[in-house]
Number of protein chains: 2
Amino acid sequence: MAAAHLGRTSRSAGGGRPRPTLEQVAARAGVGRGTVSRVINGSPSVSDRTRAAVEAAVAELGYVPNGAARALAAGSADAVALVVPETETKLFAEPYFSGILRGVSAELADSSMQLLLTLIRDEHERDRFAQYAAARRVDGVLLVSVHADDPLPDQLVESGMPAVLGGRRSGTETVPYVDSDNVDGAQIAVEHLIGRGRRAVATITGPLDMYVAQCRLEGHRAALRAAGREEDERLVAHGDFTEEGGKRAMRELLERAPEVDAVFCASDLMASGARLALREAGRGVPADVALVGFDDSAVARHMDPPLTSVRQPIEEMGRAMVRTLLGLMARERDSVSGGAGGVGGTGGGGINAAGGTGGTTAQAVRRAAAGSVVLPTELVRRGSS
Amino acid sequence: MAAAHLGRTSRSAGGGRPRPTLEQVAARAGVGRGTVSRVINGSPSVSDRTRAAVEAAVAELGYVPNGAARALAAGSADAVALVVPETETKLFAEPYFSGILRGVSAELADSSMQLLLTLIRDEHERDRFAQYAAARRVDGVLLVSVHADDPLPDQLVESGMPAVLGGRRSGTETVPYVDSDNVDGAQIAVEHLIGRGRRAVATITGPLDMYVAQCRLEGHRAALRAAGREEDERLVAHGDFTEEGGKRAMRELLERAPEVDAVFCASDLMASGARLALREAGRGVPADVALVGFDDSAVARHMDPPLTSVRQPIEEMGRAMVRTLLGLMARERDSVSGGAGGVGGTGGGGINAAGGTGGTTAQAVRRAAAGSVVLPTELVRRGSS
DNA sequence: GGCTATCATGGGAGCGCTCCCATACTTGAT
DNA sequence: ATCAAGTATGGGAGCGCTCCCATGATAGCC
């Protein structure tokens, strides 16, 4: 019997550094295990004398609590993951992630949670992460840029893992999310173009299998309706959020409807592509055609002329995601059961019906049961419109 | 006594999903705990019948092993961290990280390790991560873009955590690393310029408190020496790896030494800045001044004219880092002690004394005890030189 | 047919914590 | 002085695994 134990002990006993345990710290400080634990975790019910003694022992021994043991006993991992189901190429290309990351980090700064960024590029990596999460190596998960058919969010929620989406997958999103008011943003943009006297306002959409693209198109339409104009399918071209796609779409528009004098692009990158196509066609911006983008990214500022664009509060979205997640985690923690967990959808349905140009904001900010949030967008006016 | 237990059990018992344990799977399958463990971990000594029964039970119950318990019992976390001590802004701006990340992920693909990306922007975050690592939440750490005065690598090594650097901090790096042959790369670049008949070959260096910048400057000098030319301090300007810094440095050079007809820039970004300053001064590239950069990044290809640049095998560096790390981890694992762990420096000293233009490669590839690696660089010739 | 390798299996012990109950010691009000 | 109501503290139990020893079963050998 003793041998069984010896075999394992010798392994670590042979190592260079001792890696002390709670028990050893306790012995060193002349107190009980529980007391050391209390000190480590900042419990108030420890006398100053004792606390000092323990802290001294911890310092002398260079004690660091074993995370696995802690996680096992306490049932929490002290870490949250930010999952990006994209290639690193895309991750590094889109300024969106940088903003989200900044917000997330900032909001997480004064928690003791470790943030883990995880890229998921294929099924294999997805499964591995699902496993990791199911094994409770993290306490919560933030997901951004999730595609409509990605099963991961549901898998996570089903396994009881608190999760928050950055951006909905559809109008009937069931997982708690933080999103920006894409419909309203698009509507403001197009109303702006109409307000500047533009007659033939076209749009270049994103890929319509993405909800965000649907929303922006919906906003475009809503603005036209509000202005009493008819929708003209000739003035709707489809892109894929890339520069190249924008260029192609713009060429289409020029060919199909040469009278076009304004274009609302569902992303700055596409606007940049449109700009190229316009230059190619000898059309001036904004003289001949006014241009508005979406995202207010760096490219918008660097374009010539600088691009009017719809700004979404990306950093704030990151922060809101964290707040929502921490809320879910707290609920999960102290609920003896919480019924089906923090799942419950927002109950929302269809595209968020944004109202007027500015009035929407107030109501839109907070939504629904799960703590999901929709943040307002804003138009940044520059030379292109 | 029973109450103590009840209190805790009820917490999870009340939850929606049961979250079965090994023991329950064992009961379900009608086998012992050990057997289930064996099946989970793919031990060969399980009969097919039993294995099938266990697998069925696992599937029925939706069993997923608890990571914390596993980590505690087995002493490994099944995860490695990639640490980037930079702001997200820089992370996303430099294509370097994207390449490293690609290589790291690829090499890690068929291990079961989860990769965790961690940004460290301030001391607070550094301490938090150090804590996380000391708590053994990861089995190994990869660090890139580490500044010379960063204590983290040493902290990690000291706490017995396997760690590998991407890029040395100095010529006497004590932590295992993977680096590219910066001296040789710079030397090739400058030899190329000299070979093209350029007479006044200047250089724009990186920040000289970074070893990589020192190496590239050293390569520049080595090439001049090899060509029997004198070093002219007027032809050395200092940048900071940014575009703006490169522009400033180029202006200085033009003022100080108007006869300059070639510039080796220690980064593509600085070369891009230099290009701007040259255009500003009405100097043509390569007609008046030949330009060479370093990194062979996207900007190099997009410049006008396209930039000749020194390519480092970034992705391969990422892969090599992982291989080295896995090696260290294996050593750590099965060594009953391994003496002082995997620390042992490379014993190297001073700047890697690269020899001839191409001959170096072979010897340079593998170095030193700890498994540290220096990979060769290569010149990609384009229109700018 | 008896005896020793081999194989599959069960389950004890322990990983290093947290939780919480019980205990011992205070302090203050009666 | 006496008892109630804290306040600090010690330590048992248990978290869910892995490891490894012992055991029972099966097969192979002289």
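Chain A is the first sequence line, chain B the second, and so forth, proteins listed ahead of strands; every chain is numbered from 1.
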> Any pair with a residue in residues 114-123 of chain A that passes side-chain hydrogen bond (donor to acceptor under 3.5 Å, both in side chains), sequence neighbours left out, goes on the list, sorted by first then second residue, please.
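Sorted pair list: A:Glu88-A:Arg121, A:Arg121-A:Glu125, A:Arg121-B:Ser105.
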> Within the modelled atom types, does a donor on one side and an acceptor on the other bring the side chain of B:Arg136 and the base of C:dG16 under 3.5 Å apart?
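Result: no qualifying N/O pair found.
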> Please check: side-chain N/O of A:Ser43 versus main-chain N/O of A:Val39, any donor-acceptor pairing under 3.5 Å?
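No, A:Ser43 side chain to A:Val39 backbone: no donor-acceptor pair under 3.5 Å.
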> Which listed nucleotide (D:dT18, D:dG10, D:dC17) is nearest to the side chain of B:Asn41?
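Side chain of B:Asn41 sits closest to D:dT18.
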> Within this structure, what is the CZ-to-P distance between A:Arg19 and C:dC15, rounded to whole angstrom?
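From A:Arg19 CZ to C:dC15 P: 14 Å.
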> May I ask you to say what A:Arg33 touches in the nucleic acid, namely base, sugar-phosphate or nothing, with a heavy-atom cut-off under 4.0 Å?
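The answer is base, as A:Arg33 lies within the cut-off (heavy atoms under 4.0 Å) of a base atom.
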> Without decimals, in angstroms, what is the distance between B:Asn66 CG and D:dG14 P?
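It works out to 18 Å between those atoms.
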> Is B:Ser37 close enough to D:dT18 that one of its side-chain N or O atoms is under 4.0 Å from OP1 or OP2 there?
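Yes, such a contact exists.
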> Rounded to the Å, how far apart are B:Leu72 CG and D:dC15 P?
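For the pair B:Leu72 CG and D:dC15 P, the rounded distance is 13 Å.
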> Tell me: CZ of A:Arg51 to C1' of D:dT7, nearest whole Å?
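It is 13 Å, rounded to the nearest whole Å.
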> Check each of A:Leu142, A:Leu152, A:Leu119 against A:Val83 using the side-chain contact (heavy atoms from CB on, under 4.5 Å) test, and report the only one that passes.
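Only match with A:Val83 under side-chain contact (heavy atoms from CB on, under 4.5 Å): A:Leu152.
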> Given C:dC17, D:dC17, C:dG10, which nucleotide is nearest the side-chain atoms of B:Thr35?
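Side chain of B:Thr35 sits closest to C:dG10.
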> Any side-chain N or O of A:Ser45 less than 4.0 Å from the OP1 or OP2 oxygen of D:dA8?
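No, no such contact exists.
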> With A:Arg28, which residues qualify under side chain to side chain donor-acceptor pair (under 3.5 Å), at least two apart?
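A:Arg28 satisfies side chain to side chain donor-acceptor pair (under 3.5 Å) with A:Glu60 once adjacent residues are dropped.
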> Output the rounded distance in Å from CG (B:Leu22) to P (C:dC15).
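So the two atoms are 19 Å apart, to the nearest Å.
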> Rounding to a whole Å, what distance do you find between B:Arg70:CZ and C:dG16:P?
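After rounding, the reported distance stands at 19 Å.
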> Between A:Ser47 and D:dT9, is there a side-chain N or O to OP1/OP2 distance below 4.0 Å?
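Answer yes for this pair, as a side-chain N or O of A:Ser47 is under 4.0 Å from OP1 or OP2.
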> Does the side chain of A:Asn66 come under 3.5 Å of the side chain of B:Arg137 through a donor N or O and an acceptor N or O?
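No, no side-chain donor-acceptor contact under 3.5 Å.
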> B:Arg137 has an atom CZ; how far is it from atom P of C:dC17, in whole Å?
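About 12 Å, once rounded to whole Å.
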> Roughly how many Å is it from CG in B:Asp48 to P in C:dA8, rounded to a whole number?
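Rounded to whole Å, this separation is 9 Å.
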